A.B. asks: 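One structure follows; several queries about it will come next.
Just the heavy atoms: all of them, side chains too, but no hydrogens, waters or symmetry mates, feed the values below. Please read all numbers here as calculations on a predicted model, not as lab measurements.
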Amino acid sequence: MIKNIIMYCLGVLTFITCSYAQQKQHLTQYVKPNIGSVHSRYFFYTPAAVPFGMAKLAPSTDGSYGNRSGWEAVGYDDRHHSIGGFPHFHEFQIGGVVFAPTVGAIKTNAGKLDEPNSGYRSAFDKADEFVTSGYYRVKLKDYDIQAELTATKRVGFHKYTFPATDSANVIFDIGHVMGESGPVLDAEVSYDQQYVWGYVITSPLYVQKYQKGADIKMYFFAEIDKLPVAYGTFLDSEIFADKKTIKGKGAGLYLRFKTKKGEAIELKTGLSYTSIENAKLNLFQEAKKLNFEEAKKNAIQIWNAELGRILVEGGKIEDRTKFYTALYHAILGRGLASDINGAYPKNDGTVGQIPLNAKGIPVHHHYNTDAIWGAFWNLTQLWSIAYPDYYNDWIQSQLLVYKDAGWLGDGIANSKYVSGVGTNFTGLAIAAAYNVGIRNYDVDLAYQAVRKNELESKDRLPGAGKLDVGVFVDKGYSPYIKDETGNPELLTNGSPFGASHTLEYAFSAAAAAQFAKSLNHESDYSVLHKLSNAWRTLYDPSTKFMRPKDSEGRFIQNFNPYESWRGFQEGNAWQYTFYVPHVPQELVKLVGEDLFNRRLDSIFTISQKNIFGGGAHIDAFAGIESLYNHGNQPNLHISWLFYFSGRPDLSQKWVRAICNEFYGTEAIHGYGFGQDEDQGQLGAWYVMSSMGLFDVRSLTGENPSFQVGAPLFDRITISLPKTLRKNKFEIEVKNQDISRIYLDQIQLNGKILSSLELPFQDLVKGGKMSIVLNREANK
């Protein structure tokens, strides 16, 4: 009996240990990429990828339709029921190189969503689709083909399992528009034996806008594990049998195979932004010996390791799903643009070379990136605590562009400027990184770049953004002026968004000022610190709102605080009045603590009825004229502002409500209802807030720290590879319950925390923070 009891206990212990280890290892089980995939941006849905990778494979339901304005939702929409091929490239303003398996007659375009059997697209059922981080599988009903996708950093893998047929085809659609690519300028594709290679050159709309005459080049080199029985090329709808190469817009190629039932054909595709030769090199060095199953296993292991830098335990399964899906999006975007040998696309269209270390490995990488607008309230905070290696790499990448073209870029597509909203917070992101000790780059060069970004306007390139920074520096604010050009972001003597620019530039000036102070640049510090107070010039005491001013320094007439696009970009005065993140306590003092709390609390009370933004209306701009809009960047910090107005309990209440209600686990209700999840920024906000860590000041203050909130989980462990950080940091939550949303007591390493602020350096040192939650607030 005793022996049996001992064996039973050992069995239970083994089960618990294995269960814990399995939970820690298999975090991909919580990643559901289809969450929020209705009305999502082109780069949002790319499951067959590794973190920050170049190869980002995904099904396209409507990517072949292109993108009228360069940013609208396109690519994959969960409401659609047919797939038109599998593109390899998914970045801001970058898309293309589509492969599609078919059976039967050769078709040379993707066809239309509402026309069955048009083009090479195929219907599919959601029940036949499996998706997680690193792997995608679907059954193409029209052809009875199972398609599977996975990837390494620069290599995309396809596995197509065919029925018995003598007309199994693989279509290589290279010369057509895809996603945000813009029009195709040229393309070429060639075949020989078991290899297909080529390129496509496109002209994205944002490149046209900010760097006219530039273009985007994408190269590939693919290997197929079976010889075809026939081949040919096409140019739009014209087919050329037995031809091995073709060039021009609309160029493509096909291979035809004879297959047995259940026979799989595997393809692996090296990608590059510099040359076909480097695409081939990337393929051979990263994946020459890998087959599909090995690549899939590796991709999932990589995701488990990278997601595992933050292990959350306990709480609701729904919240763990939200958490790891959000974390997946946060470390999926802004992917590699350099090759395995360090070659990278330069701004001027030539190929540059990143220095190599003694082992011949590039000392850093280069990346494509959407604009950093608002990412300091989510992405960069997350990077700083869990992915400092990537954060440092990202800065070195930005400095490459600065050295090559003379200005920091805002958004970057193959080093081409794609400024996004026309502001530029890259300087703030660099300053914040330095402020928290991320400094493995040329600090003097970084400071030079940040200073120039904040203060200089002479010969400023359009894609550098902040074209009205000159008038901001001269006047101490950016005036509101009407736009008569159709390109408001390119104006220099003010802006239709002058008020929001003033508030944003004041914040970035504050970050740069702290950078200057740390490096003993006293005169620069004085100038930048003065500019950081520019927000005061717009505060109207009669309305207690931030109010745009004209070029004469007068408040604009017919002021309506709900009105967007008049003085404020993608927002209004209700939202932007709270945009003083560097000195929130001074804003509270100016407004008055009691009014500040009543106004902000009522904003959330009313906004809760509208799901904290655009309600159930599927549109990226659905909430820009509301009181609060969590679906966009400008006011993502304000639920945490009560920490600076004496009512942290209200932040705990409303942050929890936003986590529970704005964020969902459905294809439509994921990040609001079709809101704008820019390369993981809304996801990263959830990650930070659900852990109970957030900094309104975005780690730019003199003593960077996090406001401590009420986590959604029982235990949170931040544990990085030992080469990056020696000790782990644990957050233990006691009395975790859906009804306990308020902080009762906090201890750090056994001592009661004297404030609701966790110094950043204490997190980095490692240790344990214990939090006791309560049902009622401590006021």
Side-chain angles (χ1 to χ4, degrees), residues 42 54 60 63-68 70 74 84-100 108-110 119-120 156 171-192 195-222 231-240 243-255 269-280 282 337 339 343-352 368 412-418:
Y42 177 66
M54 178 188 294
S60 166
S64 58
Y65 282 62
N67 201 286
R68 184 184 63 185
V74 71
F86 304 104
H88 290 73
F89 289 101
H90 285 81
E91 297 287 356
F92 180 51
Q93 302 299 290
I94 297 174
V97 182
V98 179
F99 294 179
T108 62
N109 63 75
Y120 52 67
I171 309 298
F172 299 81
D173 189 351
I174 310 304
H176 288 133
V177 65
M178 174 50 58
E180 294 180 357
S181 72
V184 171
L185 302 179
D186 192 16
E188 186 172 3
V189 58
S190 300
Y191 159 72
D192 188 46
Y195 299 104
V196 176
W197 63 91
Y199 65 84
V200 59
I201 303 174
T202 68
S203 181
L205 297 186
Y206 274 55
V207 174
Q208 294 177 38
K209 181 175 184 178
Y210 289 108
Q211 197 170 343
K212 191 173 182 179
D215 53 37
I216 298 296
K217 299 174 183 177
M218 293 164 272
Y219 301 90
F220 75 97
F221 189 93
Y231 56 83
T233 61
F234 58 86
L235 203 61
D236 287 326
S237 60
E238 191 173 4
I239 297 174
F240 306 94
K243 187 174 181 181
K244 286 189 171 184
T245 188
I246 196 162
K247 186 177 185 298
K249 290 186 285 186
L253 185 145
Y254 67 88
L255 302 179
T269 311
L271 305 176
S272 174
Y273 293 114
T274 63
S275 69
I276 293 171
E277 292 75 17
N278 279 332
K280 182 178 179 180
N282 291 337
D339 298 316
Y344 75 96
K346 294 181 68 172
N347 178 269
D348 64 3
T350 62
V351 176
N368 286 305
I412 296 298
N414 285 11
S415 298
K416 308 300 190 298
Y417 289 117
V418 284

A.B. asks: Any side-chain heavy atom of Ile216 within less than 4.5 Å of one from Gln93?
C.D. replies: no

A.B. asks: Would you check if Pro345 and Lys217 make a side-chain contact, meaning some heavy-atom pair closer than 4.5 Å?
C.D. replies: no

A.B. asks: Which atom pair, heavy atoms only, marks the closest approach of Leu253 to Phe234?
C.D. replies: N-CE2, 3.4 Å

A.B. asks: Sorted by first residue and then second, give each salt bridge (Lys or Arg N to Asp or Glu O under 4.0 Å) pair with at least one member in residues 179-188; sequence neighbours left out.
C.D. replies: Arg41-Glu180, Asp186-Lys247

A.B. asks: When you look at Phe172 and Tyr254, which way does the ring pair (Phe, Tyr, Trp, His ring centres under 6.0 Å) test go after all the steps?
C.D. replies: CA-CA 6 Å; Phe172 299 81; Tyr254 67 88; 9.7 Å; no

A.B. asks: Donor-acceptor pair, Asp215 side chain versus Ser203 backbone, under 3.5 Å?
C.D. replies: no

A.B. asks: Do Ile174 and Val97 make a side-chain contact, defined as non-hydrogen atoms from C-beta onward lying under 4.5 Å apart?
C.D. replies: yes

A.B. asks: The test is side-chain contact (heavy atoms from CB on, under 4.5 Å); show your working for Met218 and Leu271 and say whether it passes.
C.D. replies: CA-CA 8 Å; Met218 293 164 272; Leu271 305 176; over 6 Å; no

A.B. asks: With rounding to the nearest 0.5 Å, note down the distance linking OG in Ser190 to CD1 in Ile276.
C.D. replies: 7.0 Å

A.B. asks: Do Leu205 and Asn67 have side-chain heavy atoms sitting under 4.5 Å apart?
C.D. replies: no

A.B. asks: State, to 0.1 Å, how close Tyr120 and Gly85 come at their nearest heavy-atom pair, and which atoms those are.
C.D. replies: CE1-N, 4.0 Å

A.B. asks: Is there side-chain contact between Gln208 and Pro183, with heavy atoms separated by less than 4.5 Å?
C.D. replies: yes

A.B. asks: Evaluate the side-chain proximity of Tyr417 to Ile412: yes if any heavy-atom separation is below 4.5 Å, no if none is.
C.D. replies: yes

A.B. asks: When you measure from the side chain of Ser181 to the backbone of Thr202, do you find a donor-acceptor pair of N or O atoms at a distance under 3.5 Å?
C.D. replies: no

A.B. asks: For a 4.5 angstrom cut-off between non-hydrogen side-chain atoms, does Met178 reach Val200?
C.D. replies: no

A.B. asks: Here's a test for you: under side chain to side chain contact (heavy atoms under 4.5 Å, CB included), which of Ile246, Thr245, Val196 qualifies with Tyr191?
C.D. replies: Val196

A.B. asks: If I compare all heavy atoms of Gly84 with all of Ala110, which pair ends up nearest, and what's the gap?
C.D. replies: O-CB, 4.1 Å

A.B. asks: Kindly state whether the ring of Tyr219 and the ring of Tyr273 have centres lying under 6.0 angstrom apart.
C.D. replies: no

A.B. asks: Testing the basics here: between Gly250 and His176, what is the closest heavy-atom pair and its distance to 0.1 Å?
C.D. replies: CA-NE2, 3.6 Å

A.B. asks: Does Lys346, at its NZ atom, have more than 12 non-hydrogen atoms belonging to other residues, nucleotides or ligands within less than 6.0 Å?
C.D. replies: yes

A.B. asks: Heavy atoms only: give me the nearest Phe92-Val418 pair and the separation to one decimal.
C.D. replies: CE2-O, 3.5 Å

A.B. asks: Are side-chain heavy atoms of Thr108 and Ile171 found at a separation under 4.5 Å?
C.D. replies: no

A.B. asks: Find out whether the Lys NZ or Arg CZ of Lys416 is both under 6.0 angstrom from the six-membered ring centre of Tyr210 and within 45° of the ring's axis.
C.D. replies: no

A.B. asks: Distance from Tyr206 atom OH to Gln211 atom CD, nearest 0.5 Å?
C.D. replies: 15.5 Å

A.B. asks: Could I get the full list of side-chain hydrogen bond (donor to acceptor under 3.5 Å, both in side chains) partners for Asn282, not counting sequence neighbours?
C.D. replies: Asp339

A.B. asks: Grab the two heavy atoms, one from Ala279 and one from Ser272, that are nearest each other, plus how far apart they are.
C.D. replies: N-CB, 3.5 Å

A.B. asks: As an exercise, state the distance from CG of Asn414 to CD1 of Ile94, rounded to the nearest 0.5 Å.
C.D. replies: 4.0 Å

A.B. asks: I need the Tyr231 OH to Lys243 NZ distance, nearest 0.5 Å.
C.D. replies: 12.0 Å

A.B. asks: Can you establish whether the number of heavy atoms outside Lys209 located under 6.0 Å from its atom NZ is more than 12?
C.D. replies: yes

A.B. asks: Nearest 0.5 Å, please: how far is OG in Ser275 from CH2 in Trp197?
C.D. replies: 14.0 Å

